[in-house]
Amino acid sequence: MKVVILAGGLGSRISEESHLRPKPMIEIGSQPILWHIMKYYSAYGYHDFVICAGYKQHAIKEYFADYFLYSSDVTFDYAGDEESVEIHSSHAEPWRVTVADTGLNTQTAGRIRRIRKYVGDEPFMLTYGDGVSDVDLNALLRFHEQAGGIVTLTGVNIAQRFGVLEMDGRGNVVEFREKSDDDEAAINGGFMVIEPRLFEEPLGDEEDFSKVTLRALADRGELTAYRHTGYWQPMDTARDRAFLEEAWASGDAPWKVW
């Protein structure tokens, strides 16, 4: 099963970093948050990634083009008649990575439509390129298969500024609404499982996947939510990044399962 990662937005809420590079390339520790997300999926056996790039996509492509050198000990020898490069040791991830140009100003629904040729007619995972979690991906997939809807998202609890989900007893999403600071309603934490039937939806270039597509699916009873009560943390602001940096530096980051 392939993993699609939305990594093309401008990252305007963390502009002090994203004016230099796309938000998924902002580092936690010594590696981009995109790497942390991919390592998490890879720990569960998902190694085939499709990255929906847009803003400053060259930074993502260059990172993976040079990844082997970044993770190796290398000797560059200029003393002889010809320059030589000797690789002493290396660690290669078991990854297949497709970086797709999905447009600079394309909204998330359009980005997903544009990578259809890379995921084919099989179910796939989907998440955002700016958040980490310790969600059980195996349990998420089982829930999705039993629910029978087009999309299953991960519902998480957090007192922030996102729209929230109202769910019935079977996990069906029945309504989206704005969140107040004192309620316990779930928000969309990403980490989704999606059936290829999604591509029958409009998925316009100017449509937000969460605000338009998921709402439409919820209205038809085709959207379910797997409730996750563990760790989940987005990186929307510099404060969020500092929080993630602190967790990583502690040596006990909840998403580090590899």
Side-chain angles (χ1 to χ4, degrees), residues 1-8 22-54 57-73 87 89-102 108 111-145 151-154 189-196 198-199 209 226 228 230-235 244 248 253-258:
M1 183 177 287
K2 295 184 178 180
V3 179
V4 177
I5 303 176
L6 292 167
K23 184 163 68 165
M25 295 303 294
I26 297 174
E27 294 178 356
I28 303 300
S30 62
Q31 292 286 359
I33 191 171
L34 178 62
W35 176 89
H36 289 263
I37 295 167
M38 294 170 68
K39 287 285 285 185
Y40 189 80
Y41 275 97
S42 190
Y44 278 85
Y46 300 102
H47 308 305
D48 196 342
F49 298 93
V50 179
I51 300 174
C52 300
Q57 61 178 286
H58 65 277
I60 300 175
K61 292 177 179 177
E62 289 171 0
Y63 173 78
F64 287 107
D66 294 334
Y67 188 82
F68 184 76
L69 288 179
Y70 287 150
S71 59
S72 306
D73 292 338
I87 307 295
S89 62
S90 65
H91 173 71
E93 306 289 351
W95 295 347
R96 184 176 188 270
V97 184
T98 300
V99 182
D101 178 5
T102 57
T108 46
R111 294 191 190 281
I112 294 168
R113 188 194 76 250
R114 292 180 180 208
I115 55 84
R116 179 178 186 175
K117 61 184 176 182
Y118 298 118
V119 299
D121 295 322
E122 301 293 330
F124 60 96
M125 299 275 191
L126 171 73
T127 197
Y128 302 106
D130 61 357
V132 291
S133 179
D134 63 355
V135 60
D136 185 333
L137 297 178
N138 293 331
L140 168 64
L141 180 58
R142 288 194 299 270
F143 180 92
H144 172 77
E145 292 171 342
V151 175
T152 296
L153 55 79
T154 296
F191 295 92
M192 306 178 214
V193 185
I194 298 179
E195 295 296 316
L198 175 72
F199 294 113
F209 182 65
Y226 171 75
H228 174 59
Y231 184 88
W232 178 83
Q233 178 62 46
M235 189 183 67
L244 289 167
W248 184 256
W255 69 90
K256 188 181 184 301
V257 296
W258 57 89

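Counting from 1, the numbers follow the sequence of the chain as shown.
For the ring-ring contact (aromatic ring centres under 6.0 Å, His included) with Phe124, the qualifying choice from Phe49, Phe199, Tyr118 is Phe199, the only one to do so.
Looking at every heavy atom in both residues, Trp232 comes nearest to Pro234 through CZ3-CD, 3.5 Å. The minimum heavy-atom distance linking Gln57 with Ala53 is given by the pair CB-CB, 3.6 Å. The nearest pair of heavy atoms linking Thr127 to Phe191 is OG1-N, 3.1 Å. Nearest heavy-atom pair across Gly29 and Trp248 is CA-CD1, 3.6 Å. The two atoms that bring Arg111 and Cys52 nearest to each other are O-SG, 4.0 Å, heavy atoms only. For the pair Met25 and Ala59, the tightest heavy-atom approach, listed with the atom from each and the gap, is CE-O, 4.0 Å.
Between Leu6 and Asp130, every side-chain heavy-atom pair lies at or beyond the 4.5 Å cut-off. A 4.5 Å side-chain heavy-atom check between Ile60 and Pro22 finds at least one atom pair inside the cut-off. Inter-residue side-chain proximity for His144 and Tyr226 is flagged as unmet; no heavy-atom pair is nearer than 4.5 Å. The closest side-chain heavy-atom distance from Arg116 to Asp121 is below 4.5 Å.
Under the 3.5 Å distance criterion, the side-chain polar atoms of Thr154 are left unmatched by any main-chain donor or acceptor of Gly189. Judged purely by atom type and a 3.5 angstrom limit, Thr152 has no side-chain atom pairing as donor or acceptor with the backbone of Met192.
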- Test Tyr46 against Leu141 for side chain to side chain contact (heavy atoms under 4.5 Å, CB included), laying out the working first. CA-CA 12 Å; Tyr46 300 102; Leu141 180 58; 3.5 Å; yes
- Task: Show your working on side chain to side chain contact (heavy atoms under 4.5 Å, CB included) between Lys2 and Glu122 and close with a plain yes or no.
- Result: CA-CA 9 Å; Lys2 295 184 178 180; Glu122 301 293 330; over 6 Å; no
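Between atom CD1 of residue Ile112 and atom OG1 of residue Thr102 there is a gap of 9.5 Å, rounded to the nearest 0.5 Å. Note that CG of Leu198 is 8.5 Å distant from CG of Leu126, once rounded to the nearest 0.5 Å. To the nearest 0.5 Å, atoms CG (Leu140) and CD (Glu145) are separated by 9.5 Å.
Not counting sequence neighbours, the partners of Pro196 by the side-chain contact (heavy atoms from CB on, under 4.5 Å) test are Pro123.
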Donor-acceptor contacts, no H, no angles, side chain residues 33-43, under 3.5 Å, sequence neighbours left out:
unit_1 : atom_1 : unit_2 : atom_2 : d
Trp35  : NE1    : Tyr67  : OH     : 3.1
His36  : ND1    : Trp255 : NE1    : 3.1
His36  : NE2    : Ile28  : O      : 2.8
Lys39  : NZ     : Glu93  : OE2    : 3.3
Tyr40  : OH     : Asp134 : O      : 3.2
Tyr40  : OH     : Val135 : N      : 3.2
Tyr40  : OH     : Val135 : O      : 2.4
Ser42  : OG     : His47  : ND1    : 2.8
Ser42  : OG     : Trp95  : NE1    : 3.1

